[in-house]
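Before any comments, here is the structure.
Order of the sequence lines fixes the chain letters, A, B, ..., with proteins taken first and strands second; residue numbering starts at 1 for each chain. Note that the coordinates shown come from a computational prediction; the quantities given were computed from them, not determined experimentally.
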There are 2 protein chains.
Amino acid sequence: MSEIPTLKPAGGKRSSKRDRILQIFLRQEGHVSADDLFALVRHEDSRVGRATVYRSLQSMVEAGIARKVDFGEGRSRYEPAHRHPRHFHLVCTTCHQSSEFLSSDVEGLLQEIAGARNFQPKETVVQIVGVCEACRTGTSTPPIDGSTTGLVFARDALRMAIATEQSGLEFYTRAAKITSDARGRRVFQQLALEEGEHLATLKQRYAELLAGDPKLESRPTFLFFKGPANRLFSSGAEELRHGVDAERALLIGIKCERGSHQFFKKYGERFEETEGRRIFLEFAAEERDHLNLLIREYRALRERRKKRPHR
Amino acid sequence: MSEIPTLKPAGGKRSSKRDRILQIFLRQEGHVSADDLFALVRHEDSRVGRATVYRSLQSMVEAGIARKVDFGEGRSRYEPAHRHPRHFHLVCTTCHQSSEFLSSDVEGLLQEIAGARNFQPKETVVQIVGVCEACRTGTSTPPIDGSTTGLVFARDALRMAIATEQSGLEFYTRAAKITSDARGRRVFQQLALEEGEHLATLKQRYAELLAGDPKLESRPTFLFFKGPANRLFSSGAEELRHGVDAERALLIGIKCERGSHQFFKKYGERFEETEGRRIFLEFAAEERDHLNLLIREYRALRERRKKRPHR
DNA sequence: CTAGGTGCAAATAATTTGCAGAGGC
DNA sequence: GCCTCTGCAAATTATTTGCACCTAG
């Protein structure tokens, strides 16, 4: 029964000033300081006081629309939180730009550590402070700041899903080839077909995403992960190489789909309402369907086996 | 040819005031704000100005004696850096205490990410902000703050070394049992003996460390790691279970010792002059000796084999 | 009408700086 | 005696608050 963030705080009045400030804040890219925002607002409406900007920012943070970040400059900066995943920062001390990234592995480790110390984490701050590529070499790689994070996050989520799907396809293709039990083979063939179709859908979606921004593909990675979901299917396929029966193949498939489902579900739930989140959750659902199919099939196989004991 | 931090900045004059401030700062535990320190200094010598404290802190940070930390309170805090490992923080928003920890895995991941983005890291800030155990449950676990970090770090380094040593001992004992080649067996026996002796030394040292502070053993973990060094020997021992010849066993041993040596060396070098650093580096040297012995033995074995080709 | 929103100016709070004088080398 | 350090007070910077006024519900 937690508070749902609204633009209108409980009992608050709609105010054109506050709306205007919010509107200007949301259209900014990157990380604005209170004073930056004040200047911007003043530019459009000179009858706004500095205090109002501060008060608006404060209520936006409370409402969950903005996040306060501190890059050690002696003043706070603010970034839009709405439809924008939580993330960490690379802070350049030379150009004072900051680029965003996320690592599921770092998040996981920090969570474990907090657990080990019986600490209830509310927020995690991770900053890599140093000199960015552009400042060091003169080369200008587009930084990942607030303006592009949403898209890049969606791109990386899709890449993750596509990679997993591809492993899954390989796994089921191989499993179908190996399985001698006719019905088991048909299940694997069906799953391979489904994965193939879904893979095509994902690739289509990836292409559409790229079409919206031609530079999107070349932007640096936002979402880093080496986590477990990554290698589930490929290690499953590895196991198949040793030669297994239908029952064993089904069990391996169940393990893979379960791991994959749980990872994508947990990861999707972790985020604000973003395209990336949607991709994760849809993919998790897909994996859950496969998981259920495999479990049903596994039970059926054992049932058949019970009736007709091993030859 | 980097600057060696001194108490006396180049061209600076020795000043009793500054010395006094430094002295008082270094004897503090935990994280002091500029004003805390000012109050403390005033307590002993009322003829000191606030500005002097600020200027001293600034030069201490430049000299590498102090580290500036920001817990988002709107003011900076300072912690002694001298003979004190770099670390991350758990920041409690209720009691405003902050506890220290370190994770070799998080450090490694962040380093990789910086590399992938061509970012030159100078410093990494990792904070888990939330509510500590004491504030949530009333139970008071001693926090790891500046006063105890050095000792706890040494304790954890020793624990890490002991665990690795124990895995090594198991590995060599098993290898000696398995190896049929007489000379190879003798090498493994010798190594097992050495590991056993060294293990005893480490345990002795651990006991001595604990004797200095009876509460030390019960303090929470400072150094978290699940890294590769952890499982090297145990996975090596696992491989032995499948039954291998002397040559293979030597190769596995080489892989283990090399990984272990590199990990401890890299990790030891990462730190300021602390007891923990010394433990890491000594252990790394030990592993390097074993590595060399194994390599020598491996070459000798191949030499013998060449002369007397496979039966 | 009334509670909350707003602008202005003044207050706070952390930190820095200008300057005259003190003190080590 | 020179040059840096030091204390004090004033300046600066980011942010908050008091208060009279305004405006939406």
Side-chain angles (χ1 to χ4, degrees), chain A residues 3 6-25 31-63 65-79 91 96, chain B residues 6-25 31-63 65-79 96:
Chain A
E3 287 279 27
T6 359
L7 303 191
K8 229 192 295 177
K13 289 178 180 170
R14 159 170 263 105
S15 131
S16 58
K17 289 273 161 66
R18 220 168 251 206
D19 275 357
R20 166 71 62 85
I21 293 171
L22 172 65
Q23 196 183 329
I24 294 173
F25 171 69
H31 312 88
V32 275
S33 67
D35 211 59
D36 291 343
L37 186 58
F38 175 60
L40 286 160
V41 172
R42 264 293 169 101
H43 203 256
E44 296 200 6
D45 178 352
S46 49
R47 240 158 290 295
V48 177
R50 197 178 247 95
T52 307
V53 173
Y54 274 99
R55 283 188 279 235
S56 299
L57 280 170
Q58 208 170 297
S59 73
M60 279 151 69
V61 169
E62 272 163 33
I65 296 165
R67 265 188 297 251
K68 201 174 182 172
V69 288
D70 187 341
F71 296 151
E73 305 166 286
R75 65 183 157 173
S76 302
R77 290 184 171 275
Y78 297 83
E79 56 182 25
V91 182
H96 296 281
Chain B
T6 359
L7 302 190
K8 227 192 294 176
K13 290 182 179 168
R14 159 172 260 102
S15 131
S16 58
K17 290 274 160 66
R18 219 168 252 204
D19 276 358
R20 164 71 62 87
I21 294 171
L22 172 65
Q23 196 184 329
I24 294 174
F25 171 69
H31 312 88
V32 275
S33 67
D35 211 58
D36 291 344
L37 186 57
F38 175 61
L40 286 160
V41 172
R42 264 293 168 100
H43 204 256
E44 295 201 6
D45 178 351
S46 50
R47 240 157 291 296
V48 177
R50 199 178 247 95
T52 306
V53 173
Y54 274 99
R55 283 188 278 234
S56 299
L57 280 170
Q58 208 169 296
S59 72
M60 278 150 69
V61 169
E62 273 163 32
I65 296 165
R67 264 189 298 251
K68 200 173 182 173
V69 289
D70 187 340
F71 296 151
E73 304 165 286
R75 67 183 155 172
S76 303
R77 290 183 171 275
Y78 297 83
E79 57 181 24
H96 296 281

Can you tell me the distance, in whole Å, between the [atom1] atom of [X] and the [atom2] atom of [N]?
| X | N | atom1 | atom2 | value |
| --- | --- | --- | --- | --- |
| Asp45(B) | dT6(D) | CG | C1' | 11 Å |
| Asp36(A) | dT15(D) | CG | P | 11 Å |
| Lys17(B) | dA22(C) | NZ | C1' | 9 Å |
| Arg20(A) | dG5(C) | CZ | P | 18 Å |
| Leu57(A) | dG5(C) | CG | P | 15 Å |
| Arg47(A) | dG5(C) | CZ | C1' | 17 Å |
| Leu37(A) | dA14(D) | CG | P | 15 Å |
| Leu22(A) | dG5(C) | CG | P | 14 Å |

Phe25(B): which residues meet the ring-ring contact (aromatic ring centres under 6.0 Å, His included) condition with it, sequence neighbours left out?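 ring-ring contact (aromatic ring centres under 6.0 Å, His included) list for Phe25(B), sorted by chain: empty.
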For Phe71(B), check ring-ring contact (aromatic ring centres under 6.0 Å, His included) against everything at least two apart and list the hits.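 Scan of Phe71(B) (ring-ring contact (aromatic ring centres under 6.0 Å, His included), adjacent residues dropped) gives His31(B), His89(B).
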Please list every donor-acceptor pair under 3.5 Å in which a side-chain atom of residues 34-44 of chain A meets a protein atom from a residue at least two apart or in another chain.
unit_1: Asp35(A); atom_1: OD1; unit_2: Arg50(A); atom_2: NE; d: 3.2
unit_1: Asp35(A); atom_1: OD1; unit_2: Arg50(A); atom_2: NH2; d: 3.1
unit_1: Asp36(A); atom_1: OD1; unit_2: Ser33(A); atom_2: OG; d: 3.2
unit_1: Asp36(A); atom_1: OD2; unit_2: Ser33(A); atom_2: N; d: 3.1
unit_1: Asp36(A); atom_1: OD2; unit_2: Ser33(A); atom_2: OG; d: 3.1
unit_1: Asp36(A); atom_1: OD2; unit_2: Arg77(A); atom_2: NH1; d: 3.4
unit_1: Arg42(A); atom_1: NE; unit_2: Ser46(A); atom_2: O; d: 3.1
unit_1: Arg42(A); atom_1: NE; unit_2: Val48(A); atom_2: O; d: 2.9
unit_1: Arg42(A); atom_1: NH2; unit_2: Val48(A); atom_2: O; d: 3.1
unit_1: Glu44(A); atom_1: OE2; unit_2: Arg27(A); atom_2: NH1; d: 2.8

How many angstroms lie between CD in Glu79(A) and NZ in Lys68(A), if you round to the nearest 0.5 Å?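 The distance works out to 13.0 Å.
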Just wondering, do Ser56(B) and Lys17(B) contact through their side chains at under 4.5 Å, heavy atoms?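 No, every pair of side-chain atoms sits at 4.5 Å or beyond.
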Would a 4.5 Å heavy-atom cut-off, applied to side chains only, mark Arg67(B) and Val61(B) as touching?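 They are not in side-chain contact.
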Tell me whether the side-chain N/O atoms of Arg18(A) come closer than 4.0 Å to OP1 or OP2 in dT6(C).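 Looking at the OP1 and OP2 atoms of dT6(C), one of them is under 4.0 Å from a side-chain N or O of Arg18(A).
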Check nucleotides 12-16 of chain C for protein N or O atoms closer than 3.5 Å to its own N or O atoms and list the pairs.
unit_1: dT15(C); atom_1: OP1; unit_2: Ser76(B); atom_2: N; d: 2.9
unit_1: dT15(C); atom_1: OP1; unit_2: Ser76(B); atom_2: OG; d: 3.4
unit_1: dT15(C); atom_1: OP2; unit_2: Tyr54(B); atom_2: OH; d: 2.8

